[in-house]
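Have a look at the structure below before the remarks.
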Amino acid sequence: MKNITDSFLCLGSWPSAGSFVFNTDILATNPINLSVVLGLLVFFGKGVLRDLLDNRKQKIWKTIRNSEELQENAIEQLEKAQARLRKVETEADLFRVNGYSEIKREKLNLINSIYTTLEQLENYKNEAIDFEQQRVINQVRQRVLQQALQGALGTLNSCLNNELHLRTVSANIGMFGMMK
Amino acid sequence: MNVLLCSINTLKRLYDISAVEVGQHFYWQIGGFLVHAQVLITSWVVIAILLVSAILVIRNLQTIPTFGQNLFEYVLEFIRDVSKTQIGEEYGPWVPFIGTLFLFIFVSNWSGALLPWKIIQLPHGELAAPTNDINTTVALALLTSVAYFYAGLSKKGLAYFSKYIQPTPILLPINILEDFTKPLSLSFRLFGNILADELVVVVLVSLVPLVVPIPVMFLGLFTSGIQALIFATLAAAYIGESIEGHH
């Protein structure tokens with residue numbers, strides 16, 4: 001009995017001495033059923049999987065195209081807005097330049113007109129001064145003349161006699177005669 | 001002696017036919033640990049599948065995705081949806097974790113159901129889905145536990161523990177128990193479902209090798225996908241639960 005169990009043990013432990021072996025028993029290793037299962041799985045699974053993945057691909061493609069369109073639209077709008085901004089900026093520049101030149105011109109004009117007015121006023125002033133001077137000179141002259149005449153008249157009235165009268169007349173006649 | 005050998009051989013053949021091995025493992029010794037090598041091997045294969053497919057897909061990225069990229073983006077959207085509905089507004093940092101759980105479990109389960117692992121015979125045990133082994137599922141469930149504790153603690157600090165006495169302190173034992181039942185239920189659900197799936201298929205194959213197991217295999221595929229989704233959803237739900245505020 002011990003022999004039998006020993007031999008069993010021996011038989012049982014024999015494979016451990018060997019290593020990996022290929023099992024060629026087709027029925028035990030079951031490759032037929034496995035290949036059938038695998039074939040059916042591929043056959044039915046392929047269609048389902050392909051549909052699923054195609055749908056997914058389509059969705060991705062559509063999403064990408066949509067976002068690309070959106071991006072294009074956004075870029076277009078951005079460009080439009082930039083163009084408008086540029087236009088407005090140039091207009092603003094134009095306005096600014098125009099305004100500056102206008103202001104400068106106005107300033108010049110104003111300065112010129114004030115200058116002319118000032119000159120006129122100066123002229124008026126000078127004229128008035130001249131006039132006043134003339135008037136005063138005339139007055140002084142008149143008074144001096146009057147006084148001289150009065151003095152001469154007094155002198156004549158006080159010391160004029162016949163002889164002197166005659167001499168003077170003759171002297172004056174002589175003077176006139178010489179002047180002739 | 002001859003008779004004995006003969007009887008032994010027949011016994012062995014019978015044993016082989018009726019052999020649906022459960023609990024047989026191919027052990028490697030790494031350091032002081034005995035590890036289940038078949039789980040490691042299949043996990044590496046799963047990881048390799050995920051990494052290679054991801055690398056192949058991200059090699060040539062397009063704005064309008066091609067087939068592979070489209071599929072991967074769809075999967076990512078799906079995972080993001082799941083995390084968003086379960087976690088709420090702050091789902092962003094948890095998408096990688098939930099996604100890793102979902103993808104690893106899903107690809108593991110489907111590899112168990114679709115790849116002909118049994119062509120390669122191990123000295124002991126057999127290659128199967130990594131989630132067929134309770135160590136894998138327990139590891140995943142414990143990672144989930146750590147994740148939701150970390151989420152709660154980093155969000156609320158020590159105030160996180162106030163949820164144990166809400167709504168009443170009477171529920172304290174139950175609330176503490178929940179922390180243990182959560183990873184337990186997560187790991188056992190996944191492990192049980194996948195193991196049951198594969199066992200049913202193996203038993204059916206050993207009884208009727210052709211055609212009959214096919215519907216069951218499809219059922220297994222369906223269940224595997226659902227289990228991956230359930231695991232990811234529950235992990236996200238636990239994280240969301242520990243993040244959300246009790247106002």
Side-chain angles (χ1 to χ4, degrees), chain A residues 1-69 71, chain B residues 1 4-5 7-9 11-12 15-17 19 24 26-27 37-38 41 62-75 77-78 110 113-127 201-202 204-206 208-222:
Chain A
M1 197 61 202
K2 192 169 181 296
N3 256 344
I4 296 175
T5 47
D6 273 355
S7 53
F8 255 116
L9 277 180
C10 206
L11 281 174
S13 60
W14 172 74
S16 65
S19 59
F20 295 21
V21 199
F22 280 105
N23 191 349
T24 47
D25 185 354
I26 284 191
L27 291 185
T29 53
N30 200 18
I32 301 168
N33 289 334
L34 281 177
S35 53
V36 169
V37 168
L38 211 62
L40 284 176
L41 199 66
V42 169
F43 181 73
F44 287 113
K46 207 169 190 176
V48 177
L49 201 64
R50 180 160 291 163
D51 279 359
L52 200 75
L53 296 186
D54 274 351
N55 276 345
R56 189 167 180 275
K57 201 186 219 171
Q58 289 296 326
K59 218 190 290 173
I60 291 172
W61 197 63
K62 229 178 270 175
T63 314
I64 288 176
R65 218 179 39 183
N66 270 354
S67 42
E68 268 174 3
E69 268 172 21
Q71 192 195 15
Chain B
M1 197 61 191
L4 206 72
L5 268 180
S7 70
I8 287 169
N9 274 342
L11 264 177
K12 177 162 192 315
Y15 176 74
D16 273 348
I17 286 173
Q24 292 277 336
F26 174 44
Y27 288 106
Q38 84 271 17
I41 293 168
Q62 309 268 323
T63 313
I64 294 168
T66 50
F67 183 80
Q69 190 192 344
N70 201 355
L71 178 65
F72 273 52
E73 282 179 5
Y74 181 76
V75 171
E77 255 174 25
F78 173 74
W110 273 44
L114 288 179
L115 295 182
W117 286 120
K118 296 200 177 59
I119 282 181
I120 298 168
Q121 207 173 20
L122 298 180
H124 267 301
E126 54 189 9
L127 292 175
V201 172
V202 166
L204 269 182
V205 165
S206 72
V208 193
L210 292 179
V211 183
V212 176
I214 290 176
V216 181
M217 289 166 86
F218 271 110
L219 184 68
L221 280 183
F222 178 69

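The model shown is predicted, which means the values in this text are computed figures rather than measured ones. Chain identifiers are assigned alphabetically (A, B, ...) following the order of the sequence lines, protein sequences preceding nucleic acid strands; residue numbering begins at 1 within each chain.
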Chain B contact via A:V36 - which portion, at a heavy-atom distance below 4.5 Å: side chain
Checking B:V201 against chain A: side chain, backbone, both or neither under 4.5 Å from a heavy atom? side chain
Side chains of A:N55 and B:Y74 in contact at under 4.5 Å (non-hydrogen atoms): no
Counting only heavy atoms closer than 4.5 Å, note whether B:L127 contacts chain A via side chain, backbone, both or neither. neither
Option that, when pairs with chain B are counted at under 4.5 Å, heavy atom only, ranks first among A:L49, A:L41, A:L38: A:L41
So, the part of A:I32 with a heavy atom under 4.5 Å from chain B: the answer is side chain
What is the minimum heavy-atom distance between A:V37 and B:F218, and which atoms define it? O-CZ, 3.8 Å
Can you measure from CG (B:L71) to CZ (A:R56) and round to the nearest 0.5 angstrom? 9.5 Å
Can you name the nearest heavy-atom pair linking B:P213 to A:N33, along with the distance? CG-ND2, 3.5 Å
Part of B:E73 within contact of chain A (heavy atom distance under 4.5 Å): both
So which heavy atom on A:L34 is nearest to which on B:A113, and how close? CD2-O, 3.2 Å
For B:L221, is it the side chain, the backbone, both, or neither that has a heavy atom closer than 4.5 Å to a heavy atom of chain A? side chain
In Å and rounded to the nearest 0.5 Å, what is the CG to CD1 distance from B:N70 to A:I60? 5.5 Å
